[in-house]
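First the structure, in the form of structure tokens, and then the observations on it.
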Amino acid sequence: MLSEKMKKALNEQVTAEFYSAWYYLSMAVWAAKENFDGTYNFMAKQAKEEEEHAMKFIKYILDSGGEVELGEVNKPPKDFSSLKDVFAKALAHEKYVTNLIKKLVELAYEEKDYTTLGFLQWFLEEQVEEESTMSSIHAKLEMVGESRNGLFMIDSHLGQR
Ligand code: FEO
């Protein structure tokens, strides 16, 4: 049984996960426009994963007997200055999401909601992985700078996701 506070916070996370999907889809669309087909593929898959995160929260709220209330998903930015800019923003976004998950964990502690604490464990680990992925791609982009060859190689590699 979820407390009112917990239920509200979990519902807000559903919206945040859908926003993440929307944001990554926007990055995918930008990449396609700039002929970074590999990045398009990578970000489109990332968007799908974010939808799956949202669905996990939805299923958990429902299974716990709570009502799901879908919120409004904001319009994501659509302009990026470079591939490096895309991944810098993706990394910053994942750090932001990690904070959101940590706040949910803190609330679950306050509410002595040990079941939700257990449920959130998977997300804590997922955030470590997602931050690490975005950070490593960003670091590689730093490495190649403006090199067309370098960008081509990284983009091709991202297409293999
Ligand atoms: Fe749903 Fe990328 O965290």
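Both counts, for ligands and for their atoms, begin at 1 and track the order of listing. Keep in mind the model is a prediction, meaning the values are calculated, not measured.
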Atom name of the N, O or S atom in H53 that lies nearest to atom 1 (Fe) of ligand 1: ND1
Spatial distance of atom CG (L107) from atom NZ (K103) [nearest 0.5 Å]: 11.5 Å
Residue E130, metal atom 1 (Fe) of ligand 1, N/O/S under 2.8 Å: no
Residue E126, metal atom 2 (Fe) of ligand 1, N/O/S under 2.8 Å: no
F57 ring center within less than 6.0 Å of F123 ring center: yes
Metal proximity, E49 vs atom 2 (Fe) of ligand 1, N/O/S cut-off 2.8 Å: no
Main-chain N/O of G159 paired to N41 side chain as donor or acceptor, under 3.5 Å: yes
For atom 2 (Fe) of ligand 1, the closest N/O/S atom belonging to E94: OE2
Atom 2 (Fe) of ligand 1 to E50: nearest N/O/S atom name: OE2
Donor-acceptor under 3.5 Å (S132 side chain, V128 main chain): no
Closest contact, heavy atoms only, L91 versus M134: CA-CB, 3.8 Å
Atom 2 (Fe) of ligand 1 to nearest N/O/S of E17 less than 2.8 Å: no
Pair F87 + F42: ring centers closer than 6.0 Å: yes
